[in-house]
Amino acid sequence: MEENYQPHEIEAEVQLRWKQSTTFKATEDDSREKFYCLSMFPYPSGRLHMGHVRNYTIGDVISRYQRMQGKNVLQPMGWDAFGLPAENAALKNKVPPAKWTYENIDYMRGQLQRLGFAYDWDRELATCAPEYYRWEQWLFTHLYEKGLVYKKKSIVNWDPVDQTVLANEQVIDGCGWRSGVPVERREISQWFLKITQYADELLECLQTLEGWPEQVRVMQQNWIGRSEGLQFSFDVEGGLPCMEVYTTRPDTLMGVSYVAIAPEHELAAIAAETNQSAASFIEKCKQRKVAEAEINTAEKEGVATGLFALHPITGEKLPIWIANFVLIEYGTGAVMSVPAHDQRDWEFATKYQLPIRQVVFPKDESQQCDVSQQAFTEKGVLKNSAQWDGLTSEQAFIAISENIETQQRGQRSVNFRLRDWGISRQRYWGCPIPIIYCEDCGAVPVPESDLPVCLPEDVEVTGAGSPLASMTEFVDVPCPKCGRPAKRETDTFDTFFESSWYYARYCCVDQQEGMLDERANYWLPVDQYIGGIEHAVLHLLYARFFHKLMRDEGLITSDEPFTNLLTQGMVLKDGTKMSKSKGNTVDPEQLIEKFGADTVRLFTMFASPPDHSLEWVDTGVDGSARFLKKLWRFVYSHCESSQSLAGINHQDLNTEQKALRHKIHTTLKKVSDDIGRRYTFDTAIAANMELLNELSALKEQSAVDHAVIREGLEAVVLMLSPIVPHICFVLWEALGHTTEIESESWPQYDEQALVQENIELMVQVNGKLRDKITVQANAEDEVIKTTALNSEKIQNHINGKPVKKIIVVKGRLVNIVV
RNA sequence: GCCGGGGUGGCGGAAUUGGUAGACGCGCCGGAUUCAAAAUCCGGUUUCUUCGGAAGUGCGAGUUCGAUUCUCGCCCUCGGCACCA
């Protein structure tokens with residue numbers, strides 16, 4: 001063993017040993033409990049950032065700990081390789097996206113390997129490889145046959161110069177981020193996946209995900225947005241088609257004073273034929289942007305159509321208004337407006353002087369309620385509501401709904417905020433949608449035998465639209481049905497498509513005959529998933545949806561993909577998120593070069609618990625490096641010592657030795673809980689630092705001293721091995737072991753060493769700490785009370801006052817109340 | 001606006017079930033070693049103090065023998081969602 005810690009030498013050497021021994025290769029084994037630990041795979045952007053390092057270190061610590069628990073652990077890694085940055089880089093550097101991506105993957109794989117993560121690299125996958133994406137094309141065609149896929153027109157941001165759809169984030173001040181020209185709202189035909197058909201199950205299963213953070217479950221719940229209400233129709237004057245509305249407050253039906261429709265509603269178009277102001281208002285709304293934030297801040301505006309709807313109970317004529325706040329996508333695109341009981345309706349009514357009719361009043365009559373100031377949106381008791389007067393909102397919900405149902409005018413129904421998932425992207429670097437358009441046969445899915453539809457990789461990206469559209473060798477194909485000339489779809493899948501099922505593919509990455517095989521059922525569901533909170537809704541919802549699609553395709557048996565979810569906090573510097581644009585990034589590679597991988601791993605785990613944000617402090621890294629040096633030198637001097645090594649018989653130890661063993665085993669107990677249950681790696685590390693401090697405080701004078709210190713050092717090395725695996729690998733061998741530390745079990749604490757003869761108790765007077773006493777661990781309460789009262793300091797604080805009560809908390813404290 | 005985190009020394013943070021507030025680390029101060037420096041080691045480090053103590057976990061109340069922890073009302077901050085009828 002070298003006298004000084006040389007991280008770079010030992011890390012390279014240990015990594016080679018792991019590779020030679022195929023230590024982390026995972027194989028299905030029914031005789032052992034499996035543990036599938038997965039960190040969200042990276043986009044190959046070029047180099048790792050600190051967020052990656054933190055994410056993957058957390059996963060690695062959990063994986064290595066579970067391995068020491070005797071579990072059969074799978075920890076894979078791969079690449080979320082399709083996406084827009086590759087096209088941007090291509091434009092900038094004149095490199096094809098495929099080349100750029102594969103080079104980045106090679107570089108970043110090297111970085112991950114230098115960090116020593118215990119991945120089974122045989123299962124590595126990249127989503128841009130045809131062997132991978134062919135199976136999602138296959139699934140898509142199956143979903144098409146099942147009717148879970150459809151094509152419809154939807155409104156998008158269209159950049160007229162770049163000839164492409166832009167994401168909302170790419171529209172800056174209403175203009176394309178690169179072209180700088182105003183974007184248009186354009187209706188484009190796109191493919192959709194019927195995620196709404198799974199809305200109920202996606203919502204219900206959230207309750208079973210007890211291993212997920214409450215925050216993420218709530219976010220998904222809100223996103224799915226289930227509501228119960230009544231859908232019914234208004235007759236419209238003049239023989240026009242009747243108008244469907246949806247409301248969650250049927251109890252307010254008698255307070256309706258107008259009806260509002262979306263500018264895209266069919267009645268709006270009818271009105272526009274004769275009403276010039278309606279026509280120009282609809283035109284104005286078309287100009288507005290798609291970005292929802294813009295819509296929200298826009299002032300409520302509308303125009304009367306001149307048309308009238310008839311109230312389903314009273315027959316009263318209600319004006320129909322076109323309003324910019326009514327969304328065509330939600331419900332029926334039309335709402336019954338009750339200004340007295342809905343704040344939006346109230347604002348609109350106030351602006352256009354429409355009547356405000358209060359029909360619900362507070363249950364508590366003393367409660368203030370003035371609908372001329374604002375809407376009263378709470379539930380209450382009905383008045384001004386004909387036969388329903390006196391009913392509560394809850395009773396009226398049922399009674400009024402039943403009335404409408406009896407009239408056969410509508411029915412109670414459930415609505416979701418969730419909309420179907422638009423998966424078409426007019427972009428090049430993605431998975432081709434396996435569809436062929438034939439003039440006679442329409443949209444025809446590519447037959448299974450013709451899959452995969454490979455994306456041509458050697459292309460020139462110009463920035464104007466997708467290069468696929470102009471590649472006749474890609475586009476021109478015979479129709480699979482009739483054989484006549486047809487055109488291939490040139491849109492690609494949203495890249496969330498690839499990331500929705502990669503976790504399953506890792507289980508059987510070499511399977512060439514099918515999407516998944518029986519090995520997926522061995523490993524799934526993922527026992528521990530780790531990633532950023534930014535994926536709380538999109539990725540984690542799509543993956544749950546895909547899991548159910550694959551289940552219903554008969555590919556897997558479980559209902560949910562991820563049993564436990566850990567959302568790691570952001571890496572901050574100077575109080576804000578590390579990012580290139582802010583110029584406050586820290587390059588992990590430079591840190592590894594300076595300190596070695598173990599120090600970087602140690603610091604990222606030590607600085608804060610994984611689910612909190614991590615404040616990066618450069619000098620903090622020095623502390624972690626110092627600790628590892630200290631550990632190394634301690635083991636070195638221990639091993640160089642000429643002291644012989646005795647056996648340990650706890651009963652025969654002296655007080656100091658017993659105290660040290662007590663520290664060793666309480667630390668073992670605490671760290672097992674910190675790493676195994678709490679995932680607070682920071683406190684686990686702190687406890688080991690404390691233990692090492694105490695071990696080094698003992699002046700070694702005997703073979704038994706030497707043995708107790710040896711026991712402590714071995715415990716520290718084993719406990720830290722999931723966090724800093726390289727140094728622990730070497731120290732374990734230095735401590736005389738001939739087997740690799742990766743085959744060791746997690747150390748167990750010795751109950752006998754936890755027992756103490758004497759314990760220290762806090763003594764409080766009126767809840768304030770005044771003294772400490774030492775008593776026998778098994779002392780009776782009476783003895784403890786007497787000892788506490790005998791203390792001189794305590795007597796000073798009691799100061800002759802009568803003692804009212806003495807509270808003894810076993811093993812902790814005594815509180816004397818005077 | 002709604003939902004969810006969070007607010008503790010100079011700094012990152014600990015205190016797991018209501019029971020020693022400030023573990024561990026950084027920084028700083030003092031000392032040892034050194035020709036000197038780096039590195040290393042030892043000691044100190046919440047504030048105030050008449051050196052007896054006193055106060056102290058965003059602010060204000062409350063429950064309790066005892067509150068960083070529980071309840072109520074505020075303030076600040078971070079994150080998410082947002083015209084969803």
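Each chain gets a letter, A, B and so on, in the order the sequences are listed, and its residues count up from 1.
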Visitor: Using the closest heavy atom to pick a nucleotide of RNA chain B for each, name whichever of A:Glu615 or A:Ser696 lands nearer the 5' end.
Guide: A:Glu615

Visitor: Scan every strand shown for a Watson-Crick or G-U wobble partner of B:C70, both distances under 3.5 Å, and answer none if you come up empty.
Guide: B:G62

Visitor: Just how far, in rounded Å, is P of B:A39 from OH of A:Tyr5?
Guide: 18 Å

Visitor: Would you mind pulling out the nucleotide paired to B:G27, Watson-Crick or G-U wobble, both distances under 3.5 Å?
Guide: B:U45

Visitor: Under a 4.0 Å threshold between the charged nitrogen and the carboxylate oxygen, would A:Glu405 count as salt-bridged to A:Arg412?
Guide: yes

Visitor: A:Asp598 side chain to A:Pro7 main-chain N or O, any donor-acceptor pair under 3.5 Å?
Guide: no

Visitor: Atom pairs under 3.5 Å, N or O on each side, protein against nucleotides 50-54 of chain B: can you list them with distances?
Guide:
{"from": "B:A54", "atom 1": "OP2", "to": "A:Arg770", "atom 2": "NH1", "distance (Å)": "2.9"}

Visitor: Would A:Lys573 and A:Asp618 pass as an ion pair if we require N to O under 4.0 Å?
Guide: yes

Visitor: Would you mind classifying the nucleic acid contact of A:Asp342 as base, sugar-phosphate or nothing, using non-hydrogen atoms under 4.0 angstrom?
Guide: nothing

Visitor: For nucleotides 24-27 of chain B, tabulate all protein N/O to nucleotide N/O atom pairs closer than 3.5 Å, reporting atom names and distance.
Guide:
{"from": "B:G25", "atom 1": "OP1", "to": "A:Asn693", "atom 2": "ND2", "distance (Å)": "3.4"}
{"from": "B:C26", "atom 1": "OP1", "to": "A:Arg626", "atom 2": "NH1", "distance (Å)": "2.7"}
{"from": "B:C26", "atom 1": "O2'", "to": "A:Thr619", "atom 2": "OG1", "distance (Å)": "2.7"}

Visitor: Which one of A:Phe496, A:Tyr198, A:Trp223, A:Tyr542 satisfies the ring pair (Phe, Tyr, Trp, His ring centres under 6.0 Å) criterion with A:Trp421?
Guide: A:Tyr542

Visitor: Would you mind telling me which residue lines up with the more 5' stretch of RNA chain B, A:Arg812 or A:Ile816, judged by nearest nucleotide?
Guide: A:Arg812

Visitor: Looking only at atom C1', what distance separates B:A23 and B:C11, rounded to whole Å?
Guide: 16 Å

Visitor: Is it true that the side chains of A:Asn415 and A:Ser227 contain a donor and an acceptor less than 3.5 Å apart?
Guide: no

Visitor: Side chains of A:Asp682 and A:Ser608: do they bring a donor and an acceptor to under 3.5 Å?
Guide: no

Visitor: Salt bridge or not for A:Asp342 and A:Arg249, using N-O below 4.0 Å?
Guide: no

Visitor: Just by modelled atom types, is the A:Glu301 backbone N or O under 3.5 Å from a matching donor or acceptor in the A:Asn324 side chain?
Guide: yes

Visitor: Taking the side chain of A:Thr247 as heavy atoms from C-beta outward, which of B:U40, B:G19, B:A85 is closest to it?
Guide: B:A85

Visitor: Whether the A:Tyr749 and A:Thr667 side chains hold a donor-acceptor pair (N or O, under 3.5 Å, no angle test) is what I'd like checked.
Guide: no

Visitor: Can you see if the side chain of A:Tyr330 gets near the phosphate of B:A85 - specifically, an N or O under 4.0 Å from OP1 or OP2?
Guide: yes

Visitor: Enumerate the protein-to-nucleotides 14-17 of chain B contacts in which both atoms are nitrogen or oxygen and the separation is below 3.5 Å.
Guide:
{"from": "B:A15", "atom 1": "OP1", "to": "A:Arg678", "atom 2": "NH1", "distance (Å)": "3.1"}
{"from": "B:A15", "atom 1": "OP1", "to": "A:Arg678", "atom 2": "NH2", "distance (Å)": "3.2"}
{"from": "B:U16", "atom 1": "O2", "to": "A:Asp673", "atom 2": "OD2", "distance (Å)": "3.4"}
{"from": "B:U16", "atom 1": "O2", "to": "A:Arg677", "atom 2": "NH2", "distance (Å)": "2.9"}
{"from": "B:U16", "atom 1": "O4", "to": "A:Lys670", "atom 2": "NZ", "distance (Å)": "2.4"}

Visitor: The side chain of A:Gln215 is closest to which nucleotide in this list: B:A85, B:A39, B:G4?
Guide: B:G4

Visitor: What's the closest nucleotide to the side chain of A:Ile807 if the choices are B:A39, B:C65, B:A85?
Guide: B:C65

Visitor: For A:Arg633, is there an ion pair with A:Glu3 - N to carboxylate O distance below 4.0 angstrom?
Guide: no

Visitor: Across all strands, who's sitting opposite B:C81 as a Watson-Crick or G-U wobble pair, both distances under 3.5 Å?
Guide: B:G1

Visitor: Could you give the CZ-to-C1' distance, from A:Phe325 to B:A82, as a whole number of Å?
Guide: 15 Å

Visitor: For the pair A:Asp251 (side chain) and A:Phe397 (backbone), establish whether a donor and an acceptor sit closer than 3.5 Å, ignoring hydrogens and angles.
Guide: no

Visitor: On the side chain of A:Arg417, is there an atom forming a donor-acceptor pair with the base of B:C81 - under 3.5 Å, no angle test?
Guide: no

Visitor: With a 4.0 Å limit, can you tell me whether A:Arg217 has a side-chain N or O closer than that to the phosphate oxygens OP1/OP2 of B:G4?
Guide: no

Visitor: Could you tell me if the ring centre of A:Trp321 sits under 6.0 Å from that of A:Tyr352?
Guide: yes

